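Report on the following structure.
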There are 2 protein chains.
Amino acid sequence: MNILEKINLQITTFSKSERKVAEVIIDNPEQAIHSSIATLAKIADVSEPTVNRFCRRLDTKGFPDFKLHLAQGLANGTPYVNRHVDESDGPEEYTAKIFESTMASLNSARKSIDISQVNRAVDILTQAKKISFFGLGASASVAQDALNKFFRFNVPVNCFEDIVMQRMNCMNSSEGDVVMLFSHTGRTKQLVEIAEIARQNDATVIGVTSKDSPLAKECNICLSPDVPEDTDLYMPMASRIAQLVIIDVLATGFTLRRGPKFRDNLKKVKDSLRPSRFDKRD
Amino acid sequence: MNILEKINLQITTFSKSERKVAEVIIDNPEQAIHSSIATLAKIADVSEPTVNRFCRRLDTKGFPDFKLHLAQGLANGTPYVNRHVDESDGPEEYTAKIFESTMASLNSARKSIDISQVNRAVDILTQAKKISFFGLGASASVAQDALNKFFRFNVPVNCFEDIVMQRMNCMNSSEGDVVMLFSHTGRTKQLVEIAEIARQNDATVIGVTSKDSPLAKECNICLSPDVPEDTDLYMPMASRIAQLVIIDVLATGFTLRRGPKFRDNLKKVKDSLRPSRFDKRD
DNA sequence: CAGTTTATTGTAATTAAACTACATAGGTCT
DNA sequence: AGACCTATGTAGTTTAATTACAATAAACTG
């Protein structure tokens, strides 16, 4: 936990002098990390050992250690203790908050993702006869994005927004086909059905969805980024970004697995776009 | 800049002993921040002043200051100095690297984004008669995502992947219409033309693209996230995520501007999805 | 309400860490 | 090979941090 938040949380339990120290630090943490214990003590109008005791109370080894923790807290650019957007936020605040909460989500997604599942997913994808990407609602654009990435790999891919087309696609699938499904909640009935149909037809189903959800249970492989809380104003934001980064990861794993020759091919695809672009020197 | 990257960048300019220090720190930065100058000197098998000189060479005030910088670097969760995926990376490495480079990109995007432009964009969007979202290639799914967000706001929106449809849409636009364009490079000829057409027909053009690009010059408002380098295996990854977060920011600004009643409406939209979902207790 | 106890804070001494000045070793260029 | 310069280490100095202890303030008890 961020040590600034911790101070805020525990401030009531502090003694009078310790509270003085806490206030000085909260008020200007930047100054705090660049001060010696003596100067900080003077600013807070307390003695040096008081500052030291304050540090220990926050489970740090001492003043220098405390400064380290504080520096880490500041580095994340989180002067906002509460990262949720609220009514009174101006553009500056909500912009910062959304960026920060997105970054925080990615961080926790990274920590929670099961690498062995990533590896298995890459295995399956590299060997796929055909890959289909499906998502509904907000996840449709995630599927679209996946299509775009894997399309460049010169593998048969498709992606339908239409639920009927999705069903038909799964009906016609066979062993070696991969169906990749995106859903934040993992509770959309239609998508769970799609997964069932796909598996009945021997396709491999890879889900990017939340752990232990109905959809997750239908998948052969499930990638479940743990995104603690969404900033959402009634729609998933951060979790969807996490899904996209997972696609990036899989695409990267894919290209690495395919080896250097394959990457030369990719370069050709990219170069083929050149005639449609303005020159750099413009 | 992250001090670890800085070390890596400057490592060639270091002397033999200083390089020893650099290697020890890169190898295990966590250990470094919890060591005294004496222990670190011993680990690197150099003298204390060498460590001190090393710190100063990196433009820090001294060893404690250096540790502070290092701690801040680590806090961002970037133990990988070299964030580019390379051949020999296993799943664990490339997963971590991609997540981290995405987070780093978001961080720099956040710092570089012009808040006044964000505010103007929100102004324009809230007053729009109609909003069109266009992108080509990889940016098509970004436009799709934007559509999905703003669609819920009960504003007339559209989004075409087809370049001809896009052109026709812009031909028919008039004052009060907003055209929002997504492009990483800002050099795709067809999209620049779209911007020209839209402006000729009195639409307001908002671009999410790189600074000073041909496209940027055609826009009324331009949001240019500064994404330093892409991890790309020949396609934009991080920059596209930054674009999506910008959409989140604009959507959030939009709802905040519209006030609380409007948010009740949003909740209704969300609740309308319930019958199509499995229950939480499943 | 006085006396006792306990928690809180500060003073002074100690220890540890960081830094500076200087000396020596190693390398380079003429 | 000798002079010079850079790089590195040693020892001493300064500064910062910590500890032990004393004093004060607050709280509690008879």
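Note that the coordinates shown come from a computational prediction; the quantities given were computed from them, not determined experimentally.
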[X] [atom1] to [N] [atom2], straight-line distance once rounded to whole Å:
{"X": "A:Phe14", "N": "C:dA7", "atom1": "CZ", "atom2": "P", "answer": "18 Å"}
{"X": "B:Lys61", "N": "C:dA18", "atom1": "NZ", "atom2": "C1'", "answer": "13 Å"}
{"X": "B:Phe63", "N": "C:dC19", "atom1": "CZ", "atom2": "P", "answer": "9 Å"}

Under 4.5 Å between any side-chain heavy atoms of A:Ile113 and A:Ile115, yes or no?
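SC-SC contact between A:Ile113 and A:Ile115 confirmed.
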Hey, does B:Asp89 have a side-chain heavy atom less than 4.5 Å from the side chain of A:Thr252?
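No; the side chains remain at least 4.5 Å from each other.
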Select one nucleotide: of [options], the one nearest the side-chain heavy atoms of [X].
{"X": "A:Ser15", "options": "C:dT8, C:dA18, C:dG10", "value": "C:dT8"}
{"X": "B:Lys67", "options": "C:dC19, C:dA18, C:dT9", "value": "C:dA18"}
{"X": "B:Arg56", "options": "C:dC19, C:dT8, C:dT11", "value": "C:dC19"}

Residue mapping more 5' on DNA chain C - nearest nucleotide basis, B:Lys16 or B:Ser36
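Nearer the 5' end of the strand: B:Ser36.
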Is any NZ, NE, NH1 or NH2 atom of the basic residue among B:Lys149 and B:Asp248 found under 4.0 Å from an Asp or Glu carboxylate oxygen of the other?
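The answer is yes: the pair qualifies as a salt bridge.
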May I ask you to say whether B:Arg257 pairs ionically with B:Asp123, meaning some side-chain N is under 4.0 Å from a carboxylate O?
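A salt bridge links B:Arg257 with B:Asp123.
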What I want to check is whether the side chains of B:Thr60 and B:His69 have a donor and an acceptor closer together than 3.5 Å.
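Checked: B:Thr60/B:His69 side chains show no N/O donor-acceptor pair below 3.5 Å.
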With no hydrogens and no angle check, is any side-chain donor or acceptor of [X] less than 3.5 Å from a backbone partner on [Y]?
{"X": "A:Ser210", "Y": "A:Thr185", "value": "yes"}
{"X": "B:Glu48", "Y": "B:Ala38", "value": "no"}
{"X": "B:Arg19", "Y": "B:Phe14", "value": "yes"}
{"X": "B:Ser139", "Y": "B:Val142", "value": "no"}
{"X": "A:Gln72", "Y": "B:Ala71", "value": "yes"}

Quick one, which residues of residues 37-45 of chain B touch DNA chain D with a heavy atom under 4.0 Å?
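Within this stretch, nothing sits under 4.0 Å of the strand.
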Which residues in residues 17-28 of chain A have at least one heavy atom lying under 4.0 Å from any atom of DNA chain D?
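Nucleic-acid contacts, sorted: none.
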At a heavy-atom distance below 4.0 Å, which nucleotide of DNA chain D is the first touched by chain B, and which is the last?
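Endpoints of the contacted stretch of DNA chain D: D:dA7 to D:dT10.
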Check step by step if side-chain contact (heavy atoms from CB on, under 4.5 Å) holds for A:Asp114 and A:Leu223.
CA-CA 7 Å; A:Asp114 183 342; A:Leu223 300 165; 5.9 Å; no
Ignoring backbone atoms, establish whether A:Ser47 has a side-chain N or O less than 4.0 Å from OP1 or OP2 of C:dT11.
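Answer no for this pair, as no side-chain N or O of A:Ser47 is under 4.0 Å from OP1 or OP2.
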